[in-house]
Amino acid sequence: MLSNVFQILTAATALTAAWAKPTGVSGRQSADHSMGFIGCSMGENVAQGYVAVGGKRMWGPYGTGALVVQSWTSSNSAAWQKFDQQAAQYGKPDTVWVQICIFANPGATYTEVKQLIANAREHAAANATIYITGQPLYDPGQSCFLAGQGGAELTDSLAKQAGEDATQGVVYPGSFILHTNEVQDGCHANAAGQQSLGKQAMAFWG
């Protein structure tokens, strides 16, 4: 009698667990492409590497070359239209990575960065998580000619400022790093650099 009761209880427990546990496939599918990003060609480098190392949560590259901060300050810009096309394909993202990317002139201001954050919230799903970083930093003595001397450091400083600003509610996960042997033209990542950036992205947000 007790043996039968034990068997029934064991079966019921197993059945309840099966109902409660989501299937691995559906869980993975719901997470795929659920994270968007904005940035420039440096963001494309990260996305290229992210896909190459098996990342699935964040979108792959979608043609954001040269789209520096000022391309994203207007919520109706051509850059955001590109973003919206991705969102139409995958659904509005529940997470967005905002990369602060600049040309040496005009650079960027914190006011512009806050506008990017506000626009990201407008174009993403409600209550989306926002990650924010600057462009990749380089080994000592190296800089990106497009961003200008100290430009990459400026973008990283602005990202840190946003992360520390309680009014913005964003996450600064850290700095992307490109070493000298991972750079192809003084700014952009070569194939090895893309892989490195992709691994760093995986470590930041999975």
Is there a side-chain contact between [X] and [Y] (heavy atoms, below 4.5 Å)?
| X | Y | value |
| --- | --- | --- |
| L197 | L178 | yes |
| D156 | F176 | no |
| M42 | H188 | yes |
| K56 | V51 | no |
| V170 | R121 | yes |
| T180 | Q142 | yes |
| Q200 | Y50 | no |
| Y138 | V183 | yes |

Is there a donor-acceptor pair closer than 3.5 Å between any side-chain N or O of [X] and the backbone N or O of [Y]?
| X | Y | value |
| --- | --- | --- |
| W59 | H33 | yes |
| T109 | E112 | yes |
| S157 | L154 | no |
| T64 | C40 | yes |
| R57 | S34 | no |

Judged by modelled atom types alone, do [X] and [Y] share a side-chain donor-acceptor pair under 3.5 Å?
| X | Y | result |
| --- | --- | --- |
| N119 | Q115 | yes |
| S74 | N76 | no |
| D32 | Y90 | no |

So, do F83 and F37 have ring centers that fall under 6.0 Å from each other?
->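 Distance test on ring centres: not under 6.0 Å, no.
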
Separation of [Y] [atom2] from [X] [atom1] (nearest 0.5 Å):
| X | Y | atom1 | atom2 | answer |
| --- | --- | --- | --- | --- |
| Y172 | K160 | OH | NZ | 4.5 Å |
| N190 | Q195 | CG | CD | 10.5 Å |
| K199 | M202 | NZ | CE | 10.5 Å |

List the atom pairs, with distances to 0.1 Å, where a side-chain N or O of residues 122-136 and a protein N or O form a donor-acceptor pair under 3.5 Å, not counting sequence neighbours.
{"from": "E122", "atom 1": "OE1", "to": "S75", "atom 2": "OG", "distance (Å)": "3.1"}
{"from": "E122", "atom 1": "OE2", "to": "S75", "atom 2": "OG", "distance (Å)": "3.0"}
{"from": "H123", "atom 1": "ND1", "to": "D84", "atom 2": "OD1", "distance (Å)": "2.7"}
{"from": "H123", "atom 1": "ND1", "to": "D84", "atom 2": "OD2", "distance (Å)": "3.2"}
{"from": "H123", "atom 1": "NE2", "to": "S75", "atom 2": "O", "distance (Å)": "3.0"}
{"from": "H123", "atom 1": "NE2", "to": "S75", "atom 2": "OG", "distance (Å)": "2.9"}
{"from": "T133", "atom 1": "OG1", "to": "W97", "atom 2": "NE1", "distance (Å)": "2.9"}
{"from": "Q135", "atom 1": "OE1", "to": "I102", "atom 2": "N", "distance (Å)": "2.8"}

With sequence neighbours excluded, residues passing side-chain contact (heavy atoms from CB on, under 4.5 Å) with Q48 =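 Here the qualifying residues are N45, P61, Q194.
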
Trace of the side-chain contact (heavy atoms from CB on, under 4.5 Å) decision for I100 with W72 | CA-CA 10 Å; I100 303 170; W72 302 98; over 6 Å; no

